[in-house]
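Here's the structure we're looking at; comments come further down.
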Amino acid sequence: MLLTYLYGLQDVFMFNKRIKIRELLNQPADGREVTVMGWVRTFRNNQFIALNDGSTNTNIQVVLELGKFDDVLLKRLTTSSSIKVVGHIIPSQGKGQQMEIKAAHVEILGDADAEKYPLQPKKHSLEFLREIAHLRFRTNTFGSVFRVRHALAFAIHRFFHEKGFVYMHTPVITASDAEGAGEMFRVSTLPLDNPPRKEDGTIDFSQDFFGKATNLTVSGQLEGELAATALGEIYTFGPTFRAENSNTTRHLAEFWMVEPEMAFYDLEDNMNLAEEFIRYIIRFVLENNREDLDFLAQRLDEEEKQLPMDKRSDMGLIQKLEFVVNNRFERITYTEAIDILLQSPAYKKKKFQYDVKWGIDMQSEHERYLVEKHFQKPVIVTNYPKDIKAFYMRQNDDGKTVAAMDILAPGIGEIVGGSQREERFDRLTGRMLEMNIPADELWWYLDTRRFGTVPHAGFGLGFERIVLFVTGMGNIRDVIAFPRTPKNAEF
RNA sequence: UCCUCAGUAGCUCAGUUGGUUAGAGCAUCUGACUGUUAAUCAGAGGGUCACUGGUUCAAGUCCAGUCUGAGGAGCCA
């Protein structure tokens, strides 16, 4: 029975006789017969097909001998039509490529009406491509972006796996509104037009699906801490939702976040891990996606040529990534950061729009100055004033600061935010009281401090922000397949 | 949410102090050519000038509102 089934599958999987273009290009042009399948990028001169199958940005040139193929077939070889080609690989007579396929058979798998297909073999604006996000994968830029995105995701799992971390799937739907990480999306099955109400007129969520008000998660951290204080070292990597009305190049309403959480780690351990982690995943991409990075670097170069000299970056994309891999991040305390800002020429010349003094939550302009002007590399800032940080961060002995650490990256800003967590029950509940965090709703979180509490730490990394940094793209909406932003949930 | 800028052909954009039938390049279609590299050459078709209202003899152009997009800010990852 199983055998018949498998034999049946063999027929179904005949397509797997095909060779991927990425693989084909590394083989000798020895006249062998091969089968390739892909999408037509351009068809020149009624003879030359530039064929792409998504395995690489490099197209394979398929040559159709004049007069050998039916005119009706030739007419159907339009941009983005899909085809199967059987032919022989030979050294190319033309100049632009080493190898080409002399076609014996060409079969149309799917037509693409040239009058209606929106992509042309030319430059398109990223804004236009965003409007046709379902088709933009078929461009070189987005092919590279999404292969790099994949490689980063894979490298993240590999890094933590090698270190013995356990991958946790924390819930997407949560009942606690206490995390304070921003506006939340309500999850409800109650009728919007006529929800049940309590006597005082407020909505009666006891009749809702979960019997209480629920939202989409804004962070898996609190649940992550529960797992870490038993399994030791865990990480989450999942979708995260913020209902903030943010319209910027670095915010999404739905994004992916990586949140490791480690028992028996202090702030120093936390920083060391975060830095090693970022270096590791960037090195992985440098080693495994060089062709895509080269393409993206070239794209960025051309884009920057449009800018005035003073707006251009000093380093190319590859240089920038190699620099991050090969150099220690700068580590300073918040207090030192404020001192640097106060002594900066920018401050003395009153270039900052916002005032600088100890206690402020640093503005973008301040972070950019530190990272892009003063240090010109990623900077880890530690020990922030407690009043501008979350309730769960460990209170330092000075009574003023907490054991927080933010990693700031050139061009992106905050890429990692983390801290050593407050493991002392009294300190934690005391801070919750001061900050009006309802302790009763978080009884389960506090139980970790009641029973066998341990020093622990963790951080969150915005996945799309690291993809932005690595690909050199300018807008976060161009490094996620189908961006969700205010007024946009298309596709 | 705030500030600034923008919305004209499928795409990228021009359109003067308001003035007759709104243009170009690319793409598309037709034909020619054929070792091309975003092929080339010739011709053709293609427009609710974002939407609504107003000013005016006359609005793509001026005014108001709305919608959408971009950049910056805030919030943050």
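Values in this document were obtained by computation on a predicted structure and should not be read as measured data. Numbers restart at 1 for each chain; the letters A, B, ... are given by sequence-line order, proteins then strands.
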Footprint string (nucleotides 44-50 of chain B, 5' to 3'): B base within contact, S backbone only, - free, heavy atoms under 4.0 Å: -------
Short side-chain N/O contact from A:Asn247 to OP1 or OP2 of B:rA73, under 4.0 Å: no
Sugar-phosphate, base or nothing in reach of A:Glu365, heavy atoms under 4.0 Å: nothing
From A:Leu370 atom CG to A:Ile332 atom CD1, the distance as rounded to the nearest 0.5 Å: 5.0 Å
side-chain N/O A:Arg130 vs B:rA70 OP1/OP2, d < 4.0 Å: yes
Under-4.0 Å side-chain N/O to phosphate OP1/OP2 contact, A:Arg250 with B:rA73: yes
Sugar-phosphate, base or nothing in reach of A:Gln93, heavy atoms under 4.0 Å: base
Nearest-Å distance for atom pair CG/P, residues A:Asn475 and B:rG71: 5 Å
Contact under 4.0 Å: A:Arg477 side-chain N or O vs B:rA70 OP1/OP2: yes
Any A:Arg44 side-chain N or O less than 4.0 Å from OP1/OP2 of B:rA39: yes
Lys/Arg N to Asp/Glu carboxylate O, A:Glu291 vs A:Arg147, below 4.0 Å: no
Given RNA chain B, 5'-ward residue of the pair A:Leu252 and A:Gln363, judged by closest heavy atom: A:Gln363
Sugar-phosphate, base or nothing in reach of A:Thr240, heavy atoms under 4.0 Å: nothing
